[in-house]
Amino acid sequence: MQTLIINIKELLQVRETAVDKVSGAEMAILPTIKHAFLLIENETILDFGEMINCPKIESNNIFDASGKIVLPTWCDSHTHLVYAGNREREFVDRINGLSYEEIANRGGGILNSAKKLNETSEEDIYQQSKVRVEEIMQQGTGAVEIKSGYGLTIKGELKMLRVIKRLANNYPIPIKATFLGAHAFPLDYKENHAAYIDLIVNEMLPKIADENLADYIDAFLETGYFSVEETERIMIAGTKHGLQAKIHVNQFTAINGIKACVKHNALSVDHLEIITDEDIEVLKNSNTMPVALPSCSYFISIPYTPARRMIAAGLPLALASDSNPGTTPSGNMNFVVATACIKMKMTPEEAINAATINGAYAMGISKTHGSITKGKKANFIITKPLNSFYEIPYLFGSNLIESVFINGTKL
Ligand code: NIG
Ligand code: FE
């Protein structure tokens with residue numbers, strides 16, 4: 001079956017020759033075609049170009065995009081959108097003056113979500129989480145990574161990963177699963193970190209690998225959470241089971257974690273609100289993608305990842321939502337892109353590159369997603385009529401999406 005989009009005002013992120021990511025000054029370049037067509041065969045992009053070269057085809061699936069922008073769907077490489085219940089009380093506690101750290105120290109935070117998750121049935125968690133998957137698809141997300149990490153028990157972690165697998169089987173977007181057993185130390189292991197890491201390495205990981213439940217492994221490398229050495233143990237064990245690392249690091253403090261992640265060939269290092277010149281130096285010439293999560297900075301009022309410094313140093317940068325009940329109860333990538341422009345001073349071109357091709361790289365799917373390239377999956381957004389694509393971040397509070405296509409089919 002062929003589908004044709006005609007009279008596109010501007011087709012964004014057009015890559016004739018596929019790239020796997022863009023870095024440094026290249027990030028400012030977003031290749032586009034004005035007055036364009038896009039031709040899809042079944043699930044994939046067959047052709048695109050200027051309207052004067054548009055093929056004449058017989059199809060009931062011809063969409064007129066006059067005045068509208070077409071771009072690849074967002075690739076959200078970092079979420080925790082499988083969880084049980086919510087943490088709106090902690091939100092109000094923070095308004096009243098408590099910090100994220102103080103709330104965590106009182107047994108709130110990640111441990112609060114872990115308690116809820118362990119008390120909730122797999123079916124119920126699935127029902128709660130599928131609503132969020134459907135919502136982000138409507139908001140233009142066409143690929144997503146989801147982490148475990150609210151189980152912190154063998155049973156709980158497996159339950160989360162099975163929910164993620166079921167979502168991946170039931171929805172048409174790629175869903176990558178990341179095992180985040182090392183998200184926080186459960187209370188029983190507060191005084192015995194090594195025993196919890198033994199549990200992760202010797203019990204959880206082999207089961208997860210056996211059942212093929214995860215693509216990647218993660219840890220919260222942070223003062224008060226997992227140390228550099230503890231995270232290294234997790235990364236080494238993950239590698240043994242074929243799980244590449246994607247690590248939470250430098251959210252609150254810089255403790256040389258990035259160096260360890262690069263040493264262990266992490267696919268991505270995520271957060272980076274606090275980053276030293278040495279960290280930036282280490283990331284240069286590595287294959288590790290730095291990932292910024294501006295909605296998290298916005299929601300818990302912490303610094304924004306210094307995109308300008310990183311891009312000026314020649315680094316690539318990806319943007320993701322971090323959707324989770326504690327620090328980012330939103331998976332809206334349109335808001336992420338707008339906030340990156342408004343608060344991190346990324347240009348719209350840079351932010352769109354970061355949220356499409358670089359996001360795809362950060363979850364290992366840039367061969368099939370993240371740009372308008374022949375042979376890639378036909379996952380794209382058609383906007384409402386816009387003056388230019390600069391309005392995508394500029395009109396930050398408006399829903400500018402008219403329709404979303406996944407694998408060539410309109411949602
Ligand atoms: O990425 N920083 C660690 N993990 C999550 C937050 C988890 C939570 O508070 O539930 C994050 O922000
Ligand atoms: Fe996160």
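Being a predicted model, the structure only gives us computed values, none of them experimental. Just follow the structure's listing: the first ligand is 1, and inside any ligand the first atom is 1. Quick note: residue numbers are just sequence positions, from 1.
- Residues Phe185 and Phe226 place their aromatic rings such that the two centres sit under 6.0 Å apart.
- A donor-acceptor distance shorter than 3.5 angstrom exists from the side chain of Lys376 to the backbone of Ser366, with no hydrogens or angles considered.
- When side chains are defined from C-beta on, Asn324 counts as touching Tyr150, because their heavy atoms get closer than 4.5 Å.
- Classification of Lys384 and Glu391 as a salt-bridged pair fails, no side-chain N sitting under 4.0 Å from a carboxylate O.
- Taking a cutoff of 4.0 Å between a charged side-chain nitrogen and a carboxylate oxygen, Lys159 and Asp124 do not qualify as a salt bridge.
- Numbered from 1 in the order shown, with element, the atoms of ligand 1 that lie under 4.0 Å from a heavy atom of Gln251 read 2 (N), 3 (C), 12 (O).
- The heavy atom nearest to atom 6 (C) of ligand 1, out of those in Tyr83, Tyr100, Tyr225, is found in Tyr100.
- Counting only N and O atoms by type, the side chains of Asn332 and Ser330 include no donor and acceptor under 3.5 Å apart.
- At the top of the distance list for atom 11 (C) of ligand 1, counting protein heavy atoms only, stands Asp322 OD2, 3.1 Å.
- Here the angle at the Fe ion (ligand 2) defined by NE2 in His80 and NE2 in His248 stands at 100°, rounded to 10 degrees.
- An N or O contact shorter than 3.5 Å is missing between Ser113 and ligand 1 by distance.
- When non-hydrogen atoms are compared, ligand 1 lies under 4.0 Å from neither the backbone nor the side chain of Glu222.
- Among His183, His271, Glu90, the residue whose heavy atom sits closest to atom 1 (O) of ligand 1 is His271.
- As for Asp322, its N/O/S atom nearest the Fe ion (ligand 2) is the one called OD1.
- Remark: ligand 1 atoms within the under-4.0 Å shell around heavy atoms of Arg87 are 8 (C), 9 (O), 10 (O).
- Short contacts between ligand 1 and Thr327, defined as distances under 4.0 Å to a heavy atom of the residue, involve ligand atoms 6 (C), 9 (O), 11 (C), 12 (O).
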Pair Asp20-Lys367, salt bridge (Lys or Arg N to Asp or Glu O under 4.0 Å): steps then yes or no
CA-CA 7 Å; Asp20 60 352; Lys367 294 245 176 312; 5.5 Å; no
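- Of the protein's heavy atoms, Tyr150 OH, 2.6 Å lies nearest to atom 10 (O) of ligand 1.
- Asn118 and Gly151 get closest at one heavy-atom pair: ND2-O, 2.8 Å.
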